[in-house]
There are 2 protein chains.
Amino acid sequence: MQKQQNLSKNQQIIFDIIHNSSEPLKAYSILFNVQKKGIKAPLQVYRALDKLVELGKIHKIESRNAFIACQNSSCQISKATAFSICESCEQVSEISNTKLSKYLSNFTDEAGMKYNKYNLEFFGLCKKCKSK
Amino acid sequence: MQKQQNLSKNQQIIFDIIHNSSEPLKAYSILFNVQKKGIKAPLQVYRALDKLVELGKIHKIESRNAFIACQNSSCQISKATAFSICESCEQVSEISNTKLSKYLSNFTDEAGMKYNKYNLEFFGLCKKCKSK
DNA sequence: TTATAAATGTTATATTATTACATACTGTTA
DNA sequence: TAACAGTATGTAATAATATAACATTTATAA
Ligand SMILES: [Zn+2]
Ligand SMILES: [Zn+2]
Ligand SMILES: [Zn+2]
Ligand SMILES: [Zn+2]
């Protein structure tokens, strides 16, 4: 529940919920959670989510349409994200691996083109699920 | 319009449309396109899309909710995909780079975990857009 | 042929996301 | 202070994306 300077009221409420969640949250599940706090409409949620993504405080897991808090002590590099996703229990964690991020940030395609941003999602079975 | 053995009628119709398109297509835009061919309902489109993805004939661009034909002479490795996306004109192309795919397929995270599948999306400006 | 899996057709509905417009707050500068 | 710009909020309506449920048909193969 750590107070983040410079987030607006709605942004703070929604960040806290995502940050305290052990799993990625979907927009409408967030909406349901914050209705008691006076946030009533989808758009209020989506606006806060957009801003938080832009700030790098949260990331969107594209394959799941869900959001998790940044786990890299708030990476401003929302431009270079990598996640590990368990296909059984849907647990998601952010991968923080210097070699990987260097490799991808420096990646140049066949045409010599470089990219300023990437998103990588790995899928498999987490330890827990594998041992079942 | 190359005939693909072993695709069903609906799958073939929808594959052809995607394959002939120069840009990623969205499900409802596909639906609109095939209504004259008797495919009237979203579910018919989604079912064909699911199957085509499973077969590796098309891929879903997760960040865009859109589909493109596989550009790697039909990769059966729908399990290891990488794309280049222009943030200006939305042109998408599939990246086929042996070093990259080897690197990612062999990637092991801090916990020693390996993954059986990944999807990578690079964002930037394509040549055309950069020179503008 | 009989059984099984895969594909189709149809209706309704659930889920995810945006448009449009009005208002309020925050910080800066004339 | 007043005027302004930029950001954030509130609200209603609607658009866009995707799935559930159920009935039927077609393909494949034992
Ligand atoms: Zn992060
Ligand atoms: Zn798991
Ligand atoms: Zn491919
Ligand atoms: Zn471009």
Side-chain angles (χ1 to χ4, degrees), chain A residues 3-18 21 23-68 78 85 87 90 92 119 121, chain B residues 3-18 21 23-68 78 85 87 90 92 119 121:
Chain A
K3 173 70 178 173
Q4 304 291 330
Q5 207 54 45
N6 68 34
L7 291 185
S8 76
K9 177 172 139 274
N10 287 1
Q11 289 159 15
Q12 185 66 53
I13 289 170
I14 284 168
F15 175 74
D16 286 341
I17 291 201
I18 296 172
S21 169
E23 56 184 9
L25 294 179
K26 298 185 151 234
Y28 276 71
S29 125
I30 293 168
L31 175 58
F32 179 80
N33 269 278
V34 296
Q35 280 179 327
K36 48 200 164 210
K37 295 193 177 166
I39 297 179
K40 295 179 208 148
L43 189 48
Q44 293 174 291
V45 172
Y46 281 104
R47 283 196 286 223
L49 290 173
D50 284 352
K51 190 67 187 185
L52 291 167
V53 165
E54 185 192 322
L55 295 173
K57 314 281 302 175
I58 65 173
H59 303 300
K60 182 172 188 181
I61 309 302
E62 292 287 357
S63 65
R64 300 300 187 257
N65 296 322
F67 300 84
I68 66 169
S78 55
I85 302 172
E87 289 186 296
E90 293 295 322
V92 174
N119 179 54
E121 298 182 0
Chain B
K3 173 71 177 171
Q4 303 291 329
Q5 207 55 43
N6 67 34
L7 291 185
S8 75
K9 179 173 136 272
N10 287 1
Q11 289 159 16
Q12 185 67 52
I13 289 170
I14 285 168
F15 175 75
D16 286 342
I17 290 199
I18 296 172
S21 170
E23 56 185 8
L25 293 180
K26 298 184 151 235
Y28 275 73
S29 126
I30 292 168
L31 175 58
F32 179 80
N33 269 279
V34 296
Q35 280 181 326
K36 48 200 162 211
K37 295 196 178 166
I39 296 178
K40 295 178 206 149
L43 192 47
Q44 294 175 290
V45 172
Y46 280 104
R47 283 196 285 224
L49 290 173
D50 285 351
K51 190 67 187 184
L52 291 167
V53 165
E54 184 192 321
L55 296 173
K57 314 281 304 174
I58 65 173
H59 303 300
K60 181 172 187 180
I61 309 301
E62 292 287 357
S63 65
R64 300 298 188 258
N65 296 323
F67 300 84
I68 65 169
S78 56
I85 302 172
E87 289 186 296
E90 293 294 323
V92 173
N119 179 54
E121 298 181 359

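All chains are named by letter (A, B, ...) in the order of the sequence lines, taking the proteins before the strands, and each is independently numbered beginning at 1.
For the pair B:E62 CD and C:dA17 C1', the computed distance is 16 Å after rounding to whole Å. Atom pair B:L49:CG and C:dA7:P shows a separation of 14 Å (rounding to whole Å applied). Between the P atom of C:dG9 and the NZ atom of B:K37 lies a distance of 14 Å, rounded to the nearest Å. The CG-C1' distance, from A:L31 to D:dT9, rounds to 15 Å in whole Å. Atoms CD (A:E54) and C1' (D:dG6) sit 13 Å apart, rounded to a whole Å. The distance between atom CZ of A:R64 and atom C1' of C:dT15, rounded to the nearest whole Å, is 16 Å. To the nearest angstrom, P of D:dG10 lies 10 Å from CD1 of A:I14. Straight-line distance from the CD1 atom of A:I13 to the P atom of D:dA8: 14 Å, rounded to whole Å.
For B:Y46, the listed nucleotide lying nearest its side chain is D:dT17; candidates were D:dG10, D:dT17, C:dT16. Taking the side chain of A:N65 as heavy atoms from C-beta on, and the options D:dG10, C:dA17, D:dA18, the nearest nucleotide is C:dA17. For B:A41, the side-chain atoms get nearest to C:dT11 when compared with the rest of C:dT11, D:dT9, C:dT18. Counting only heavy atoms from C-beta on, A:K40 has its side chain closest to D:dT11 among D:dT11, D:dT17, C:dT8.
In this structure, A:L43 reaches the bases: a heavy-atom distance under 4.0 Å links it to at least one base atom across the strands shown.
A close approach under 4.0 Å does occur between a side-chain nitrogen or oxygen of B:K60 and OP1 or OP2 of D:dA18. Using a 4.0 Å cut-off, some side-chain N or O of A:K26 falls inside it from OP1 or OP2 of C:dT16. Dashed line: the shortest gap from a side-chain N or O of A:N6 to OP1 or OP2 of C:dT26 is not under 4.0 Å. The side chain of A:K9 contributes no N or O atom lying less than 4.0 Å from OP1 or OP2 of D:dT9. Phosphate proximity of C:dT8 to B:Q44: absent, as no side-chain N or O sits under 4.0 Å from OP1 or OP2.
Where B:P42 and A:A48 meet DNA chain D, the nucleotide closest to each residue was compared, and A:A48 sits on the side nearer the 5' end. Both B:R47 and A:D50 sit near DNA chain C, but only B:R47 has its closest nucleotide nearer the 5' end. For the pair A:Y28 and B:S8, nearest-nucleotide mapping onto DNA chain C gives the more 5' position to B:S8.
Across A:A27 and A:V45, no two heavy atoms sit closer than the pair O-CG1, 3.8 Å. Summarising the geometry of B:I14 relative to B:A48, their closest heavy-atom pair is CD1-CB, 3.6 Å, with the distance given to 0.1 Å.
Put simply, CD1 on B:I13 and NZ on B:K36 are 11.5 Å apart, with the number rounded to the nearest 0.5 Å. In this structure, A:I39 CD1 and A:K9 NZ are separated by 6.0 Å, a value rounded to the nearest 0.5 Å. Annotation: the span from B:R64 atom CZ to A:E62 atom CD amounts to 8.0 Å, rounded to 0.5 Å.
Formation of a donor-acceptor pair under 3.5 Å by the B:E121 side chain with backbone atoms of B:I61 is not found in this model.
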